[in-house]
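Sequence lines set the chain letters: A, B, ... in the order given, protein chains first and strands last, and positions in each chain run from 1. Quick caveat: nothing in here was measured; it's all calculated off a predicted structure.
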Amino acid sequence: MDTKKPTQQKPKSERPAAADAKSAEPAGGTAPETSRSLNFIEQIIEEDLRTGRFEGRVHTRFPPEPNGYLHIGHAKSICLNFGLAARYGGLCNLRFDDTNPSKEDIEYVESIMDSVRWLGFDWGDRLYYASDFFEQLYEWAVQLIRAGKAYVCDLTADQIREHRGTLTAPGKNSPYRDRPIDENLDLFRRMRAGEFPDGARTLRAKVDMASPNLNMRDPVLYRILHASHHRTGDRWCIYPMYDFTHGQSDSIERITHSICTLEFENHRPLYDWFLDELGIYHPQQIEFARLNLTYTVMSKRRLLELVEEECVNGWDDPRMPTLVGLRRRGYTPEAIRGFCERIGVAKFNSVIDVAVLENSIREDLNRRAPRVMAVLRPLKLVIDNYPEGQVEELEAVNNPEDPAAGTRKVPFSRVLYIEQDDFREAPPKEFFRLAPGREVRLRYAYLVTCTSVVKDERTGQIVELHCTYDPATRGGNTPDGRKVKGTIHWVAAQHALKAEVRLYDHLFSVPDPSDVPAGGDYRDFLNPKSLEVLSDARVEPSLAGAAAGSRYQFERQGYFCVDAVDSRPERLVFNRTVSLRDTWAKIEKKQK
RNA sequence: UGGGGAAUGGUGUAACGGUAGCACGACUGGCUCUGGACCAGUUAGUCUAGGUUCAAAUCCUAGUUCCCCAGCCA
């Protein structure tokens with residue numbers, strides 16, 4: 001792989017895995033106390049439990065191919081499979097479906113395991129690789145040959161396609177279809193022995209070239225591929241197809257409910273055919289609709305393209321829907337699990353509004369993120385009647401949602417920075433922040449009134465504000481009961497830390513980037529403003545030494561986390577995970 | 001025009017013959033030292049047409065629309 005690797009990060013704020021899979025797990029592991037209604041998969045499982053099918057076991061698995069990084073769509077599958085196992089006191093395996101050495105890489109298996117663990121799930125000692133089953137699969141292929149149910153075919157790929165027929169027309173039998181069993185056995189052995197070049201022959205199942213289900217038209221079982229495999233090295237030069245591997249792997253692992261996405265529905269009859277012809281244990285496959293999200297793309301192919309073409313900065317770019325990307329962005333495993341719970345599961349192809357994801361992380365972080373003050377676009381404010389050189393330590397609440405989080409001291413002095421957006425020389429209707437002659441509250445500090453505005457003579461840009469403060473309002477209180485509409489955040493110029501802040505927005509500027517007009521490309525919809533870097537931000541001094549990955553609410557702005565890759569003690573870098581709901585922005589938009 | 005699936009407010013998802021509910025969004029209002037959070041409320045839905053039934057999102061029939069399948073990918 002020549003793609004950029006995401007940095008392995010281990011923010012210590014992360015809980016150890018599985019600890020809180022509790023949300024989905026009734027300790028006993030028997031029937032769940034169910035207040036919530038059942039999704040269609042749970043209904044099937046409960047029916048199986050009732051009828052004693054599978055001896056009352058529930059055993060699922062998450063079976064990724066290690067050919068890319070996991071994304072939020074995989075999270076849906078992971079939460080489903082591990083969640084079901086937890087809910088019904090069963091087990092869930094992790095299995096790599098690694099049957100195509102040309103696309104797979106150890107880099108991917110490592111990141112996949114890391115992401116599953118990060119999400120909070122534990123496969124115990126049940127880590128499997130389809131490649132561990134290669135020998136058994138080979139024997140099963142031989143068994144089919146002996147039973148006259150498989151044959152070695154010398155047709156080229158093109159010829160096989162021609163023989164396959166079309167959606168409406170039946171296929172034609174391969175001229176090699178009736179090759180004697182002994183000859184098949186010999187040829188297949190020699191395929192394995194490496195006597196033939198790539199593509200020279202295949203092993204095919206003998207099913208039915210006239211089947212309306214194209215998967216049943218003598219599908220290829222084995223292809224010759226002189227490629228070295230990330231796990232089996234050069235031991236094999238023939239590799240089983242996914243279709244000949246997946247169902248039998250589930251069978252070997254004694255999976256009860258084999259949950260996969262909708263496009264495999266057409267393959268189920270083939271898997272059933274293999275299992276029945278081989279006479280081996282038969283799991284139940286259940287298909288569900290994969291996740292789609294607005295304003296992003298979700299296919300591994302496209303994500304790989306974005307990385308390789310450097311449309312983003314690697315798999316863990318905070319704009320990516322990958323788990324490593326979301327993690328670096330500041331998303332918590334809890335929020336992602338909550339999201340997966342909330343979107344449900346069905347067989348209907350749907351698109352979830354990304355606002356649901358954003359709501360999930362806000363909900364989680366609102367509960368737990370400490371609040372701090374940070375000024376993203378600083379505007380100098382001088383309090384003319386405040387004693388020069390004086391510094392006061394004012395008390396600020398760490399988290400109004402969590403009294404146990406306590407309070408901290410924030411330094412205040414004569415020269416401050418406030419947000420440029422919090423001042424308007426000509427305030428529009430309903431703007432109740434600072435403006436000439438107006439009074440606002442500086443959060444946890446004092447009420448100030450704007451007395452004058454200093455502008456750059458050449459550009460006319462506002463460079464400084466002058467105010468007077470009311471000493472009686474220390475702490476932000478109004479002893480006279482006076483009401484102030486606006487409260488704004490600030491940092492003391494002398495004490496503030498300089499920081500870089502990265503504001504992220506949707507990667508694409510349209511809800512469905514896959515919906516491209518003829519001749520267009522989804523990349524045409526990349527949002528040019530998906531990343532805005534603010535290099536002159538100021539944050540309150542309590543943030544000195546903030547740990548990589550730690551998350552905060554910058555009051556009135558959003559949730560931010562310390563970037564795990566680029567942040568340094570002497571120069572903090574923050575990623576905006578998600579903004580706060582911005583009612584004022586909505587009002588302002590409406591006014592236009 | 002073969003086969004396999006699926007259709008419930010703007011978006012998701014429940015209801016399993018008996019009051020169409022929940023979440024997100026949108027919109028009101030309340031509260032607030034975050035225009036955050038929170039609280040209260042409003043909006044808005046059973047693909048169509050027939051049929052069965054006291055009663056249909058649910059059962060039956062016929063349509064319509066959408067998705068998947070012609071890799072030696074998974």
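Distances shown here put every side-chain N or O of A:Thr168 at or beyond 4.0 Å from the OP1 or OP2 atom of B:rG3. Contact check, A:Arg362 against B:rU34: no side-chain N or O comes under 4.0 Å of OP1 or OP2. Note on A:Ser37: every side-chain N or O is 4.0 Å or more away from OP1 and OP2 of B:rU13. Between A:Gln285 and B:rG4, a side-chain N or O to OP1/OP2 separation shorter than 4.0 Å is absent. The shortest distance between the side-chain N/O atoms of A:Lys586 and the OP1/OP2 oxygens of B:rA26 is below 4.0 Å. Neither OP1 nor OP2 of B:rC73 sits under 4.0 Å from any side-chain N or O of A:Lys300. Using a 4.0 Å cut-off, some side-chain N or O of A:Arg223 falls inside it from OP1 or OP2 of B:rA74. Here A:Arg161 reaches the OP1 or OP2 of B:rG71: one of its side-chain N or O atoms lies under 4.0 Å away.
For the P atom pair drawn from B:rG51 and B:rC27, the interatomic distance equals 43 Å after rounding to whole Å. Separation of the P atoms belonging to B:rU58 and B:rG50 is 14 Å when rounded to the nearest angstrom. To the nearest whole angstrom, the two P atoms, one in B:rA7 and one in B:rC60, are 14 Å apart. For the C1' atoms, the distance linking B:rG25 with B:rG45 amounts to 15 Å, nearest Å. Comparing the P positions of B:rC66 and B:rG30 gives a spacing of 47 Å, expressed to the nearest Å.
Of the listed nucleotides (B:rG25, B:rC69, B:rU34), B:rC69 has the atom at the smallest distance from the side chain of A:Leu167. Side-chain atoms of A:Pro212 lie closest to B:rG2 of the nucleotides B:rC72, B:rA74, B:rG2. For A:Thr202, the side-chain atoms get nearest to B:rC72 when compared with the rest of B:rC72, B:rC24, B:rG3. Nearest to the side chain of A:Arg164, among B:rA74, B:rG25, B:rG71, sits B:rG71.
For A:Phe348 and B:rA6, the ring-to-base geometry does not satisfy the stacking test (centroid distance below 5.5 Å, interplanar angle below 30°).
One N or O donor and one acceptor, one from the side chain of A:Arg371 and one from the base of B:rU34, sit under 3.5 Å apart.
Rounded to a whole Å, the CZ atom of A:Phe264 is 18 Å from the P atom of B:rA6. The separation between A:Leu214 atom CG and B:rG2 atom C1' is 9 Å, rounded to whole Å. In this structure, the CZ atom of A:Arg551 is 24 Å from the P atom of B:rG36, given to the nearest Å.
For the pair A:Arg576 and A:Tyr559, the cation does not sit on the ring face, since its NZ or CZ is not both under 6.0 Å from the ring centre and inside 45° of the axis.
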